[in-house]
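Here's the structure, in C-alpha cells; my notes come after.
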Amino acid sequence: MEVLLIGSGGREHAICWSLAKSPRVTKLYCAPGNGGISSIAQLVDIPATDLNNMVNFALENKIDFVVVAPDDPLALGMVDAMEAAGVKAFGPSKDAAKLESSKIYSKSIMSKYNIPTAAYNVFTDMEEAKAYIRDNGAPIVVKADGLALGKGVVVADDVQTAIDAVDMMMGDKKFGDSGSRIVVEEFLTGPEVTVLVFTDGKSVRPMPSSQDYKRAYTGDLGLNTGGMGAISPSPNYTEEIANIAMESIIMPTIKAMENEGVPFKGVLYFGLMLTENGPKVIEYNARFGDPEAQAVLPLLETDLLDIFEAITEQRLGEIEINWRKACSSCVVMASGGYPNAYETGYEIFGLDDIPEEIIAFHAGTKLVGDKYLTNGGRILAITAIADSLQLASQKAYQGVSCVDFENAHFRTDIGELANNG
Ligand code: AMP
Ligand code: GLY
C-alpha cells in the first residue's frame with residue numbers, strides 16, 4: 001500500500017518510523033516532512049493545511065491511505081476532504097476534532113455527560129470575564145477557545161495575571177478569532193498524565209500511559225513548551241487509577257461523541273490531572289501527542305497500519321494490539337531560546353555516533369546535501385527503551401551526549417518524577 005502521512009514534526013517521524021516497519025507499506029510519502037523523515041519517506045512539498053493540493057496529490061499519485069497527524073489539518077477537515085474525494089484517511093472528522101479545536105465545545109460535552117473536569121465559565125465579553133476573575137480570585141486558569149499553538153492557556157497565580165491574559169486574548173486578539181471567546185476555569189492540582197487511546201468510535205484500546213515534560217527548563221522552570229521530553233508508562237498512572245479513568249472519563253467520552261452523532265475515529269489524547277478527588281480532564285487532543293508519540297510508539301509491537309485501517313473500517317474491536325512490557329524515555333533537544341525566539345540553520349553533529357538501539361527522531365531538521373541543519377524550535381527527540389525508567393533515561397541521555405549543535409538546549413531531568421506539568 002502507498003501511504004501519505006501529513007505533518008512535519010518529531011511525532012510524524014515516530015509515526016513514519018512505525019509505519020515503515022509494516023510489510024504492507026510499499027511506499028511512504030510525507031507532506032511536508034523533515035530531514036530525518038526523508039530517510040524513510042519521500043517528502044512532498046505541500047503544507048499540512050493545504051487541503052486542495054493535498055487531495056489532488058493523493059488522487060494523482062493513487063495514494064491508498066492517508067494519515068493526518070497534526071491538529072490544524074484535522075480542525076480544517078482534511079480527513080473529510082480526503083474521504084469526499086474517495087481517498088481512505090485516518091483521523092477524526094472536522095466535527096469530532098472539535099474536541100481539541102474548541103475548548104468551549106469540549107467543556108460542554110464534559111458537562112453534558114458528567115465527565116470530571118475543572119469547573120468553568122464561558123465569556124464572550126471582556127469586562128464580564130474580568131469581573132468574574134476578580135470575584136473568584138486566583139489561582140485561576142484562562143483559556144482561549146480555539147487552537148493557539150499550545151499557547152492559549154494561562155495558569156494565573158494572581159488576579160492581575162489572569163486579567164492581563166483576558167486583555168491579551170480578547171483585547172489584543174493575540175490568537176485572532178481563537179481568543180474571541182474564552183473559558184475561565186478552576187485551578188486544579190496533581191500529577192499530569194497523558195493517556196492516548198486508539199478508538200474507532202465504539203471500541204477503545206488505550207496505549208501505555210505517558211507523561212510530558214512541558215516546561216522549558218530542568219526542574220519544571222520556565223515557559224510552557226510543546227513538550228521537552230516524555231516517559232512511558234507514567235508511574236503515577238496505577239492500574240486502579242487507569243480503571244477509574246476508563247470508567248469515568250474514557251468510555252463516557254467515546255459514548256458521548258457517538259451519542260452526539262459525531263463518533264470519534266482516530267487517536268484521542270486525554271490530558272488528565274490526578275487530583276485528590278480522582279482523575280479529571282485538563283484537555284482533549286484529537287491526535288497523538290508530541291513528544292508522547294516518540295515515547296509510546298517505540299513500545300508498539302503490532303503493525304500500526306493494521307491498527308489505523310481497523311479504525312477507519314470500524315473493526316478495532318476485532319484486532320489484538322500488543323505492547324512491549326518495557327519503559328521508554330524521550331529527551332527533546334531544542335534550539336537555544338525556544339519557546340521564544342531562536343535561530344536556525346546550524347549543522348547537527350554526531351547523529352551517526354548514536355548507538356543503534358537508541359532512536360533519534362527528527363523534529364525540526366532539514367537535510368541539505370549530506371548535512372542535517374536545525375530548522376525549528378524542537379530539533380530532535382531521542383528515545384531509548386529499557387527495563388526500568390531510570391535505565392531508559394540514562395540511555396536516552398547517552399544518545400543526547402553524542403549530538404551537538406550551536407546553542408543546543410535540553411532538560412537534564414527527563415525521567416525524574418517530581419513533574420506536575
Ligand atoms: P493545555 O494547553 O490545555 O494542555 O494546558 C497547558 C497546561 O496548563 C496543562 O498541561 C496544565 O499544566 C495547565 N492547566 C490547564 N488547565 C489547568 C487547570 N484547570 N488547572 C491547573 N492547571 C491547568
Ligand atoms: N505534548 C502535548 C501535545 O502534544 O499537545
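Atoms within each ligand, like the ligands themselves, are counted from 1 in listed order.
For the pair Lys88 and Phe65, the cation-pi test (distance below 6.0 Å, angle within 45°) is failed.
Ion pairing between a basic and an acidic side chain is recognised when a charged N comes within 4.0 Å of a carboxylate O; Lys214 and Asp220 show no such pairing. Salt bridge absent: Asp200 and Lys202 never bring a charged side-chain N and a carboxylate O closer than 4.0 Å. Between Asp387 and Lys325 no salt bridge is recorded (no basic side-chain N to carboxylate O distance below 4.0 Å). Lys103 has no carboxylate O lying under 4.0 Å from a charged side-chain N of Glu185, or vice versa, which leaves the two without a salt bridge. One finds no salt bridge joining Glu283 and Lys143 here, because no Lys/Arg side-chain nitrogen approaches an Asp/Glu carboxylate oxygen to under 4.0 Å.
For Lys103, every heavy-atom contact with ligand 1 shorter than 4.0 Å involves the side chain, none the backbone.
A tilted orientation is assigned to the rings of Tyr132 and Phe123, their planes being inclined by 30° to 60°. Using the six-membered ring where Trp is involved, Phe308 and Phe90 have ring planes that are parallel, under 30° apart on the 30 and 60° scheme.
Counting the atoms of ligand 1 from 1 in the order shown, those under 4.0 Å from a heavy atom of Lys143 are 3 (O), 15 (C), 16 (N). Annotation for ligand 1: atoms under 4.0 Å from non-hydrogen atoms of Glu192 are 9 (C), 10 (O), 11 (C), 12 (O). Less than 4.0 angstrom separates some heavy atom of Lys214 from each of these atoms of ligand 1: 10 (O). Near Glu185, the atoms of ligand 1 lying under 4.0 angstrom from a non-hydrogen atom of the residue are 16 (N), 17 (C), 18 (C), 19 (N).
Between atom CZ of residue Phe270 and atom CD1 of residue Ile282 there is a gap of 14.0 Å, rounded to the nearest 0.5 Å. Summarising the geometry, atom CG belonging to Leu99 is positioned 6.0 Å from atom CG belonging to Leu268; distances are rounded to the nearest 0.5 Å.
Nearest to atom 20 (N) of ligand 1 by heavy atom, out of Thr194, Asp220, Val281, Leu188, is Leu188.
Within 4.0 Å of ligand 2, contacts by protein heavy atoms are made from Asp212, Gly226, Tyr269, Asn285, Arg287, Gly289, Asp290, Pro291, Glu292.
At least one N or O atom of Glu186 sits closer than 3.5 Å to an N or O atom of ligand 1. Distances between N or O atoms of Val141 and those of ligand 1 include no value under 3.5 Å.
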